[in-house]
Every structure is written in C-alpha cells, then in structure tokens.
Amino acid sequence: IDTLEIEGLIDIGISEALQQKNDSAYYYFLLAHDKSKVIEYHNGLGRTSVNLGFIQEQTNNTQVSIEYYKQAIQYFKKTKNKRGIAQCFTNIGSIYYDNGLLEMAHYYFKEANKIYRSIDNKSGIANMIYSFANVNRMLNKFDESKKLYLESITLRDSLNDLNGKALSY
C-alpha cells in the first residue's frame, strides 16, 4: 500500500460521486480509508472522512455525516491542513443551516471564518460572509444581512468571482 494508490482510490470515488453513483463512491472512499489506516496516512484519512461525510449528507444521514466531518477535522489537525479543517467546519455549519439550527450553523461558520482569515483565504472568507448573511436573513436581521451580502459582493468582485457575486445578489 502506498499513498498514490490511496489517492487514486479517492479520485475514483470522487468520479463516482460526481456521477451520482453513491454506493460505488462510498465503496472506494471506504477502501481508501481502510488502506490509509494501515499506513497511518493522515491526509488520506482526512480526505476520505470528508468524502464519506459528503456521501452520508447526500443520503440524508446528517448525524453520521457530521461525525465523519468531525473525524476529518482531527486528521487534518495532525497534518496542519487548516483549509481542510475550515472546509469541514463549513460543511457542518451548512448541515445545521439546512436543518434550521441557525445558532449551531453560525458557530461553525464563525470557526471556519477564523481559519480562512488566519490563512488569508479570500474565497473562503467571502463564502463565510455570505453564509453569515444567510443566517442573519433567516433570523430576520435584515439590515445586518444586507450589509454582509454587500461585503461579500465587494470581496467576490475583487476576486473576479462572478458566480459567487451572482449568488450574493
């Protein structure tokens, strides 16, 4: 077993997931996860945990999905992959948002935002500002929401992110 084999299995799983073949994707992610455990490949364990979480999220197993994302955070901490940690916080926040648990969503978006700011990931920051705007809108805090949407648009404009800009409008 080597890391290239594991990365290949992850790539196959992603390809299957993109084609909506969740059972097959799950199989490849689980296989890559098991092989990563054998050689203690923490990046592989983190990546497979994220993808296993994604598959669970797609099949509405949100609690299992959250557990996989939390597991990925622990692996990414070992590899100091701050972007991976931030993405997991974002994913968890999105699940809570989609389920109407706005305070929990806000907490996880805030954690992701801290990390994105610490690594100066402007795209991640713009996404979090947009997420904060959505939470505030759902809490009927329209003035704050409007301010955040405008901030997101300005940042996305500086990144030439037309899709993100369109979302923010």
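In what follows, residues are counted from 1 in the order of the sequence shown.
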Measuring only between side-chain heavy atoms, which start at C-beta, is [X] closer than 4.5 Å to [Y]?
| X | Y | result |
| --- | --- | --- |
| Leu148 | Tyr130 | no |
| Ser49 | His33 | yes |
| Tyr149 | Asn134 | yes |

All salt bridge (Lys or Arg N to Asp or Glu O under 4.0 Å) counterparts of [X], not counting sequence neighbours:
| X | answer |
| --- | --- |
| Glu16 | none |
| Lys146 | none |
| Asp120 | Lys122 |
| Lys35 | Glu5 |

Can you name the nearest heavy-atom pair linking [X] to [Y], along with the distance?
| X | Y | result |
| --- | --- | --- |
| Ala86 | Ile115 | CB-CG2, 3.7 Å |
| Gly93 | Ala105 | O-CB, 3.3 Å |
| Gly46 | Ala72 | O-CB, 3.5 Å |

Test item: [X] side-chain N/O and [Y] main-chain N/O as donor-acceptor pair under 3.5 Å:
| X | Y | answer |
| --- | --- | --- |
| Ser131 | Asn127 | yes |
| Glu40 | Ser36 | no |
| Ser145 | Phe142 | no |

Yes or no on side-chain contact (heavy atoms from CB on, under 4.5 Å) for His42 and Gln74, after CA distance, side-chain angles and deciding distance?
CA-CA 9 Å; His42 296 293; Gln74 297 311 308; over 6 Å; no
Return the [atom1] to [atom2] distance between [X] and [Y], rounded to the nearest 0.5 Å.
| X | Y | atom1 | atom2 | result |
| --- | --- | --- | --- | --- |
| Tyr28 | Leu9 | OH | CG | 8.0 Å |
| Ser65 | Lys70 | OG | NZ | 11.0 Å |
| Thr79 | Asn43 | OG1 | CG | 5.5 Å |
| Phe54 | Tyr26 | CZ | OH | 14.5 Å |
| Ile66 | Cys88 | CD1 | SG | 12.0 Å |

Taking ring-ring contact (aromatic ring centres under 6.0 Å, His included) as the test, write out the residues that go with Tyr96, two or more places apart.
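Expected list: Tyr108.
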In chain order, what residues pass the ring-ring contact (aromatic ring centres under 6.0 Å, His included) check against Phe132, with sequence neighbours excluded?
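Applying ring-ring contact (aromatic ring centres under 6.0 Å, His included) to Phe132 gives His106.
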Same apolar cluster (I L V M F W Y, side chains within < 4.5 Å links), [X]/[Y]:
| X | Y | result |
| --- | --- | --- |
| Phe109 | Leu150 | no |
| Ile55 | Leu18 | yes |
| Leu30 | Ile12 | no |

How is the hydrophobic cluster of Tyr75 composed, in terms of its other members, when Ile, Leu, Val, Met, Phe, Trp and Tyr link through side-chain heavy atoms under 4.5 Å apart, directly or indirectly?
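Answer for Tyr75: Leu45.
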Run the side chain to side chain contact (heavy atoms under 4.5 Å, CB included) test against [X] and tell me which residues pass, sequence neighbours left out.
| X | result |
| --- | --- |
| Asn61 | Gln56, Thr59, Val64 |
| Ile10 | Ile6, Glu7, Ile14, Phe29, Ala32, Arg47, Thr48, Asn51 |
| Arg83 | Asn81, Ile119, Asn121 |
| Thr154 | none |

Decide yes or no on side-chain contact (heavy atoms from CB on, under 4.5 Å) for Phe76 and Val50, but give the supporting numbers first.
CA-CA 10 Å; Phe76 287 144; Val50 167; 3.7 Å; yes
Can you list the steps and then say if Leu155 with Ser158 is a side-chain contact (heavy atoms from CB on, under 4.5 Å)?
CA-CA 5 Å; Leu155 185 51; Ser158 74; 3.7 Å; yes
Gln87 and Asn91: side-chain contact (heavy atoms from CB on, under 4.5 Å), yes or no, with the steps?
CA-CA 6 Å; Gln87 187 59 57; Asn91 294 351; 2.8 Å; yes
Regarding Tyr69 and Glu57, is there a side-chain donor-to-acceptor distance under 3.5 Å anywhere?
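Side-chain D/A pair, Tyr69 to Glu57: present.
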Hey, are Asp2 and Tyr41 close enough side-chain-wise for a donor-acceptor pair under 3.5 Å?
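The answer is no; no qualifying pair exists.
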Give every donor-acceptor pair under 3.5 Å between a side-chain atom in residues 97-104 and any protein atom, sequence neighbours left out.
| residue | atom | partner | partner atom | Å |
| --- | --- | --- | --- | --- |
| Tyr97 | OH | Arg137 | NH2 | 3.4 |
| Asn99 | ND2 | Ile95 | O | 2.8 |

